[in-house]
Peer 1: 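One structure, pasted below without further comment.
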Amino acid sequence: QVQLVESGGGSVQAGGSLRLSCVASPQTYDWYYMGWFRQAPGKEREVVAAIWTGTYYADSVKGRFTISLANAKNTVYLQMNSLKPEDTAMYYCATASYGGAWYDAGHYKYWGQGTQVTVSS
């Protein structure tokens with residue numbers, strides 16, 4: 001059974017940085033896209049970034065966040081710099097098994113439990 005486990009969330013002040021990690025198991029699991037999404041209280045889940053052969057970002061995080069793949073293909077990172085209070089949310093990683101709309105949460109099959117990011121002003 002596929003499992004995704006996120007880590008690295010926490011509380012930081014505005015302007016700070018965090019690095020989130022997502023580990024997929026089993027290690028042999030072959031995904032097409034791995035994406036990061038976030039959901040703030042009272043808001044819909046939104047895409048943050050995704051990676052396949054290329055990288056894709058929501059406009060709100062371009063230039064501040066970087067998604068990358070570890071040498072072990074089952075681990076993806078989200079480096080978040082210049083954090084803003086509006087980045088506060090639960091962050092989830094997810095995987096899609098085929099190509100398509102990287103930005104569409106409905107396209108992703110497996111989801112982690114999430115890691116909380118809180119940015120104070």
Peer 1: Tell me whether Y57 is reachable from L69 by hopping between hydrophobic residues (I, L, V, M, F, W, Y) whose side-chain heavy atoms are closer than 4.5 Å.
Peer 2: yes
Peer 1: Would you name the heavy atoms of Q79 and S17 that are closest together and state the gap between them?
Peer 2: NE2-CB, 3.9 Å
Peer 1: For Y103, look at atom OH and say whether over 12 heavy atoms of other residues, nucleotides or ligands are found less than 6.0 Å away.
Peer 2: no
Peer 1: Would you please name every residue forming a side chain to side chain contact (heavy atoms under 4.5 Å, CB included) with V119, sequence neighbours left out?
Peer 2: V12, A14, L83, P85, D87, T88, V117
Peer 1: What distance separates T66 OG1 from N81 CG, expressed to the nearest 0.5 Å?
Peer 2: 6.5 Å
Peer 1: Centre of Y91's six-membered ring, under 6.0 Å away, within 45 degrees of the axis: is that where NZ or CZ of R38 sits?
Peer 2: no
Peer 1: Any heavy-atom pair between the side chains of V23 and N74 that's under 4.5 Å?
Peer 2: yes
Peer 1: When rounded to the nearest 0.5 angstrom, what is the spacing between OG in S120 and CD in Q13?
Peer 2: 5.0 Å
Peer 1: What's the shortest heavy-atom distance between A50 and Y108, and which atoms?
Peer 2: CB-OH, 3.6 Å
Peer 1: Quick check: do R45 and M90 have side-chain heavy atoms less than 4.5 Å from each other?
Peer 2: no
Peer 1: Going through the distances and angles, do Y32 and S97 end up as a side chain to side chain contact (heavy atoms under 4.5 Å, CB included)?
Peer 2: CA-CA 5 Å; Y32 198 93; S97 300; 5.6 Å; no
Peer 1: Under the criterion side chain to side chain contact (heavy atoms under 4.5 Å, CB included), I'd like the reasoning laid out for W36 against I67: C-alpha separation, chi angles, the key distance, then a yes or no.
Peer 2: CA-CA 9 Å; W36 284 97; I67 189 170; 3.7 Å; yes
Peer 1: Let me confirm one number: the CD-OG distance from E86 to S60, rounded to the nearest 0.5 Å.
Peer 2: 9.0 Å
Peer 1: Taking atom CD of Q3 as the centre, does the number of heavy atoms from other residues, nucleotides or ligands within less than 6.0 Å exceed 12?
Peer 2: no
Peer 1: So which heavy atom on C22 is nearest to which on M34, and how close?
Peer 2: SG-SD, 4.0 Å
Peer 1: Is the shortest side-chain heavy-atom distance between L20 and M80 below 4.5 Å?
Peer 2: yes
Peer 1: Is there a path of hydrophobic side-chain contacts, each under 4.5 Å between heavy atoms, that joins Y29 and V5?
Peer 2: no
Peer 1: Return the minimal non-hydrogen interatomic distance between V47 and A58, and the atom names on each side.
Peer 2: O-CB, 3.5 Å
Peer 1: Per the ring pair (Phe, Tyr, Trp, His ring centres under 6.0 Å) rule, which among W111, W102, Y92 passes with F37?
Peer 2: W111
Peer 1: Do you know the tightest heavy-atom contact between G114 and E6?
Peer 2: N-OE1, 2.9 Å
Peer 1: For residues I51 and W31, report the shortest heavy-atom separation together with the two atoms involved.
Peer 2: O-CZ3, 3.6 Å
Peer 1: Show your working on ring pair (Phe, Tyr, Trp, His ring centres under 6.0 Å) between Y98 and Y33 and close with a plain yes or no.
Peer 2: CA-CA 7 Å; Y98 55 93; Y33 285 123; 9.0 Å; no
Peer 1: Determine whether T95 and L4 satisfy the following criterion, side chain to side chain contact (heavy atoms under 4.5 Å, CB included), listing intermediate values before the conclusion.
Peer 2: CA-CA 9 Å; T95 57; L4 304 177; 4.0 Å; yes
Peer 1: Taking CD in E46 as the centre, count heavy atoms belonging to other residues, nucleotides or ligands within less than 6.0 Å. Is the count above 12?
Peer 2: yes
